[in-house]
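Below is one structure, written out as structure tokens; comments come after it.
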2 protein chains.
Amino acid sequence: MAILCGLLTIVRARWLATSISRQLSTSSILFVDVDNLSLNRLYVVQSGRVRSGSDPAETAERKGDMVSIRDVAAHVGVSDKTVSRVANNEPNVSARTKALVEAAIATLGYVPNMGARLVRTNRSGVIGLISDVVSTTPNSVDIIRGIQDRVSTAKQSLLIANTAGAPDAEQRIWRTFQEHRIDGVLFATMYHRRVTFASRPTIPTVLVNCTAADEPGMPSVVPDDYEGGYVAALRALDQGHRKIGFVTLNPKIIAAELRGKAFIDAMASRGVEVRPEWVRAGYLGGIGEEQLCAYDVARDMLQAADRPTVLLTGNDQVAMQCLFAAHSLGMRVPDDLAIIGFDDFQMISAQVIPPLTTVALPYYDIGVRAADRLLAILAGDVSEGGVECLPCPIVIRASG
Amino acid sequence: MAILCGLLTIVRARWLATSISRQLSTSSILFVDVDNLSLNRLYVVQSGRVRSGSDPAETAERKGDMVSIRDVAAHVGVSDKTVSRVANNEPNVSARTKALVEAAIATLGYVPNMGARLVRTNRSGVIGLISDVVSTTPNSVDIIRGIQDRVSTAKQSLLIANTAGAPDAEQRIWRTFQEHRIDGVLFATMYHRRVTFASRPTIPTVLVNCTAADEPGMPSVVPDDYEGGYVAALRALDQGHRKIGFVTLNPKIIAAELRGKAFIDAMASRGVEVRPEWVRAGYLGGIGEEQLCAYDVARDMLQAADRPTVLLTGNDQVAMQCLFAAHSLGMRVPDDLAIIGFDDFQMISAQVIPPLTTVALPYYDIGVRAADRLLAILAGDVSEGGVECLPCPIVIRASG
DNA sequence: TTGAAAGCGCTAACAT
DNA sequence: ATGTTAGCGCTTTCAA
């Protein structure tokens with residue numbers, strides 16, 4: 001094995017050294033180390049190139065070659081403020097001047113400088129996103145999509161930063177955000193949980209997929225895990241199952257707690273008994289260091305003389321492991337055993353055979369709503385407090 | 001079915017309406033719509049609170065309550081510039097004054113205003129990340145992690161934006177970046193491909209996971225797919241397989257092209273025949289609208305009288321489908337059939353039973369290197385052009 | 001409808 | 001080692 005690895009390393013190194021050129025022969029891209037000239041050409045700022053002659057000498061070589069509002073003003077022969085008015089769509093500009101200014105903006109390639117604007121207005125037009133690991137976690141990237149879609153319609157930009165779980169990183173990030181005079185912050189977590197802040201945020205903040213442990217009333221948007229759990233259980237019951245197993249998440253996280261409660265309530269609502277030996281955790285270990293053990297747990301449960309006919313699961317990964325467990329015991333899904341997932345993590349739920357019936361976490365909507373609420377707060381809406389729960393629709397596929 | 005859905009909707013609505021309070025009884029978070037007072041308290045800017053009496057009347061109520069460099073200067077009794085020097089770690093400040101200023105900065109809670117700094121220096125301290133869908137695609141989020149890690153060590157921030165494939169979105173993003181006077185841009189794609197720019201970027205740009213079709217010499221960092229493909233084929237050969245199948249990606253994408261070439265070359269290097277009927281695409285449809293069909297393709301191949309003993313695959317999703325295909329035919333992996341993945345998308349590769357031997361795409365490293373090179377360019381290093389390929393290490397697990 | 005003046009917070013370029 | 005002056009690009013305020 002060690003020998004093999006050594007060999008591979010050598011092979012790899014050899015290929016690395018030469019594969020670039022090979023790659024290029026395939027792709028017809030020339031591999032040349034760009035010389036200074038072409039690099040410079042490549043990066044030269046294009047605006048300012050027109051810079052025509054109507055202005056006095058003073059306007060000559062501005063740093064960074066950036067066209068300023070003054071350049072435009074001089075070009076048209078109006079005041080700075082008039083250009084500013086046009087750029088910001090303010091009233092009180094005659095149609096004629098407006099057209100003239102707009103033409104000049106286009107030909108000169110003027111782009112407003114948000115930094116300068118910030119200095120005057122104290123509004124940066126940027127919203128910050130802090131995530132524990134959300135931006136690097138497949139399940140929840142939809143949150144970011146939702147946020148981005150909403151934020152960009154409000155002509156704001158998104159500055160994102162990752163704590164990667166490190167508290168000192170979080171401090172640094174808040175600091176950076178203050179430096180950039182971020183207008184507002186969205187604080188998102190990878191999974192639904194409670195968070196604690198070292199100090200209460202000094203910037204308007206909306207929590208995404210989490211709630212604040214110490215700050216009741218802090219605006220936050222979370223999935224309705226209770227409802228999702230209830231709907232999943234109902235599905236199993238409605239399909240006629242009475243022997244219902246449940247391979248859960250780490251029972252300590254909020255989502256598991258709420259869904260577990262929902263499971264019990266749903267079962268009770270139909271007078272079906274909850275069998276403790278059929279409710280088992282699919283993960284080992286504490287929060288943040290979970291180890292998947294659903295395969296073994298499921299096999300164990302399914303090999304008993306009296307076994308469940310359907311398995312509810314904590315998430316789609318657990319469901320997938322149950323699927324493999326069923327296969328390994330020669331059971332057919334859903335005929336011999338039904339399986340219901342959670343999350344609708346499509347890379348798994350839609351691609352597994354058979355595809356999973358699963359409860360979808362409304363991550364995209366959560367992102368949109370959270371951004372919505374933050375924007376409302378920034379616009380001065382003062383009533384936007386409290387926890388908001390979004391429903392988790394069930395997605396029916398073949399597994400149960 | 002329609003009835004069921006209707007029922008579920010009603011149930012869901014009912015639960016949504018009431019589950020919030022239920023959720024709270026579990027989580028001990030009060031659900032109160034925060035009143036104006038507490039909201040204001042929550043969001044009041046904390047800095048500026050100390051604002052002690054040594055300054056003249058003029059310093060009274062500044063907008064946004066932000067402490068400026070002038071406040072600090074007045075507090076200590078030095079000039080603005082001296083504070084500026086301390087804040088920027090410039091030389092020529094006596095240890096004594098420096099200590100004094102630092103103390104004042106701390107007590108007043110001064111945070112530099114990057115916008116104002118930008119106006120003078122024309123450097124925003126922000127790097128922009130444009131991605132087609134990378135930030136929302138599981139496989140490649142590691143690219144972002146790498147970029148962030150590298151960028152944050154350089155005390156730069158990251159502004160990210162998603163084109164979601166829409167070309168007009170891309171235009172808007174470049175515009176936004178210009179407005180914020182972004183220092184440099186990282187342009188990342190979800191999968192290794194060639195990109196075309198409407199107009200050549202006006203900001204220093206490094207391509208990530210892609211190469212420019214029209215701009216040779218544009219700096220870019222990509223995985224060495226050829227080498228990865230070669231290593232995968234070698235693994236199969238070294239395990240003694242001679243009947244080697246290959247369920248590929250959409251053959252039109254660069255990665256598939258390069259790996260296919262590598263496969264052929266590797267087979268040739270050992271004098272093993274490539275069987276065309278065993279090389280088949282696991283996806284249907286054009287670029288961007290691929291439909292997974294690996295399950296059917298694999299079953300087809302495996303049911304033939306003469307069948308491969310190992311399946312190389314285009315990615316781990318394809319590998320997973322091959323796994324299901326094998327199971328469905330009662331084959332054991334890896335005994336009856338070995339499977340080798342690609343990408344090392346851990347959510348699948350590590351959690352499937354048996355876990356996948358697979359070739360890892362070095363996304364994290366790609367991110368780091370790309371950021372590296374951009375920072376070098378920004379620092380004035382003019383030699384940083386051309387395509388850079390990073391090796392793809394093989395990860396040995398149980399499947400082959 | 002338009003413009004002039006002032007100044008936001010900061011730093012470059014000089015004094016001292 | 002420290003301060004002064006000026007001005008970055010923009011908007012606010014007020015006057016015309």
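Since the model is a prediction, treat every value here as computed from it, not as a measurement. So that the names make sense, note that chain A is the first sequence line, chain B the second, and so on, each numbered from 1.
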### Task
For I203(B) and T205(B), work out which heavy atoms get closest and say how close.
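Looks like O-OG1, 2.7 Å.
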
### Query
Which pair of non-hydrogen atoms, one from I182(B) and one from S124(B), has the smallest distance, and what is that distance?
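Nearest pair, atom of I182(B) first, then S124(B): CA-OG, 3.6 Å.
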
#### Entry: Nucleotide dC8(C), atom P - distance to CD1 of I69(B) in whole Å
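Atom-to-atom, I69(B) to dC8(C), this comes out as 14 Å.
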
### Query
Please give, in whole Å, the distance from dC10(D) C1' to N122(A) CG?
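Between C1' of dC10(D) and CG of N122(A): 13 Å.
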
Protein-nucleic acid N or O pairs under 3.5 Å, nucleotides 1-5 of chain C:
from, atom 1, to, atom 2, distance (Å)
dT1(C), OP2, N92(A), OD1, 2.5
dT2(C), OP1, S94(A), OG, 3.1
dT2(C), OP1, T97(A), OG1, 2.7
dT2(C), OP2, S94(A), N, 2.6
dT2(C), OP2, T97(A), OG1, 3.2
dG3(C), OP2, S79(A), N, 3.1
dG3(C), OP2, S79(A), OG, 3.2
dG3(C), OP2, T82(A), OG1, 2.5
dG3(C), N7, R85(A), NH2, 2.7

### Query
So which one's nearest nucleotide on DNA chain C is more toward 5', A116(B) or E90(B)?
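Comparing both residues, the 5'-ward one is A116(B).
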
### Query
Counting side-chain heavy atoms from CB outward, which of dT11(D), dT11(C), dC10(C) is closest to N88(A)?
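Per side-chain heavy atoms of N88(A), the pick is dT11(D).
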
### Query
What nucleotide, of dG9(D), dT12(D), dC10(C), holds the atom closest to the side chain of N113(B)?
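Per side-chain heavy atoms of N113(B), the pick is dC10(C).
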
### Query
With sequence neighbours excluded, what pairs up with F187(A) under the ring pair (Phe, Tyr, Trp, His ring centres under 6.0 Å) test?
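Testing F187(A) for ring pair (Phe, Tyr, Trp, His ring centres under 6.0 Å), a comparison that skips the adjacent residues, returns F197(A).
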
Please tabulate, for side-chain N and O atoms in residues 81-89 of chain B, each donor-acceptor pair with protein atoms closer than 3.5 Å (sequence neighbours left out).
from, atom 1, to, atom 2, distance (Å)
T82(B), OG1, S79(B), OG, 3.2
N88(B), OD1, R117(B), NH2, 3.0
N88(B), ND2, S84(B), O, 3.3

### Query
Is a donor-acceptor pair below 3.5 Å formed from side chain R117(A) to base dG9(D), judging by atom type as modelled?
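Side chain to base: no pair present.
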
### Task
May I ask you to verify whether the side chain of R120(B) and the base of dG7(D) hold a donor-acceptor pair under 3.5 Å?
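A donor-acceptor contact between them is present.
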
